[in-house]
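Read the structure below first, then the notes.
The model shown is predicted, which means the values in this text are computed figures rather than measured ones.
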Amino acid sequence: MLNEGVAGAGDLLTLNDIYTELLHRARVRGLPEPQKTGTHQADTLALAPNRHQGPPQQVQVAVPEPRARQAVPAPAPSADAVVTADEVRSVKFTAVQLAEGYDQDEVDAFLDRVVLALVEPAAGPQRLTPDDVRTSMFTSTRLREGYDVKEVDAFLDRIEAELERRQAVAGGRV
């Protein structure tokens with residue numbers, strides 16, 4: 001990946017870009033999935049220049065409050081899509097502080113993985129499965145700001161439904 005670069009990543013490869021691509025490659029080859037542990041913004045650490053030699057990419061930076069997420073150009077979504085990469089990029093959750101919430105950095109990192117999964121064709125190998133969404137877990141917050149649990153869970157339900165639809169397409173059942 002460091003020699004070839006990663007399609008859809010920015011000019012610099014971050015720890016999250018490398019992890020996500022490694023996860024995708026492991027799944028395509030039927031290999032064990034890599035594990036990732038990070039704190040706060042560690043996954044945004046730029047490690048190397050992206051040497052991807054494909055067509056020039058239009059890289060935009062979307063800056064929804066309270067987080068910043070790098071946009072990846074996406075093919076036109078299917079008319080049947082339950083949720084699109086653009087919706088995931090632009091979603092905003094209510095911030096809660098004295099009620100239980102989800103760690104914002106962890107949710108944002110997971111949504112970055114979802115965006116990368118949704119920009120790929122539905123008919124090919126998938127970076128994420130519905131089970132990845134079902135089993136995702138985020139640290140609870142109470143005394144520091146976090147995302148509203150019900151809002152995040154409802155949005156994850158839509159993502160799970162979209163990944164189930166994409167599995168059906170990839171399996172030739174739709």
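The two residues Arg113 and Leu23 have their closest heavy-atom pair at NH2-CD2, 2.9 Å. Taking each heavy atom of Thr139 and Arg144 in turn, the nearest pair found is CG2-NH2, 4.2 Å.
Between Asp132 atom CG and Gln126 atom CD the span is 11.0 Å, to the nearest 0.5 Å. In this structure, the separation between CG on Leu111 and CG on Leu116 is 11.5 Å, given to the nearest 0.5 Å.
Using a cutoff of 4.0 Å between basic side-chain nitrogens and carboxylate oxygens, Glu160 and Arg134 are scored as salt-bridged. By the 4.0 Å N-to-carboxylate-O rule, Asp86 lies close enough to Arg89 to be salt-bridged with it. Under a 4.0 Å N-O distance rule, the pair Arg158/Glu87 qualifies as a salt bridge.
A side-chain contact (heavy atoms from CB on, under 4.5 Å) with Leu118 holds for exactly one of Leu128, Ile159, Val88; it is Val88.
Linking ILVMFWY side-chain heavy atoms closer than 4.5 Å, directly or via other members, places Val96 and Tyr147 in two distinct hydrophobic clusters. Leu15 and Leu2 fall within a single hydrophobic cluster, where Ile, Leu, Val, Met, Phe, Trp and Tyr are joined by side-chain heavy atoms under 4.5 Å apart, directly or via other members. Residues Phe138 and Val114 share a hydrophobic cluster, clusters being chains of Ile/Leu/Val/Met/Phe/Trp/Tyr side chains in contact below 4.5 Å. If you chain together hydrophobic residues whose side chains sit under 4.5 Å apart, Tyr19 and Val6 never meet in one group.
A search for side chain to side chain donor-acceptor pair (under 3.5 Å) contacts involving Glu21 returns Arg25, Arg127, not counting sequence neighbours. Listed by chain and number, the residues in a side chain to side chain donor-acceptor pair (under 3.5 Å) with Asn16 are Lys36 (sequence neighbours excluded).
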Worked check of side-chain contact (heavy atoms from CB on, under 4.5 Å) between Asn50 and Asp11: CA-CA 5 Å; Asn50 188 1; Asp11 292 334; 5.7 Å; no
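A donor atom on one side chain and an acceptor atom on the other are found under 3.5 Å apart for Tyr102 and Asp153.
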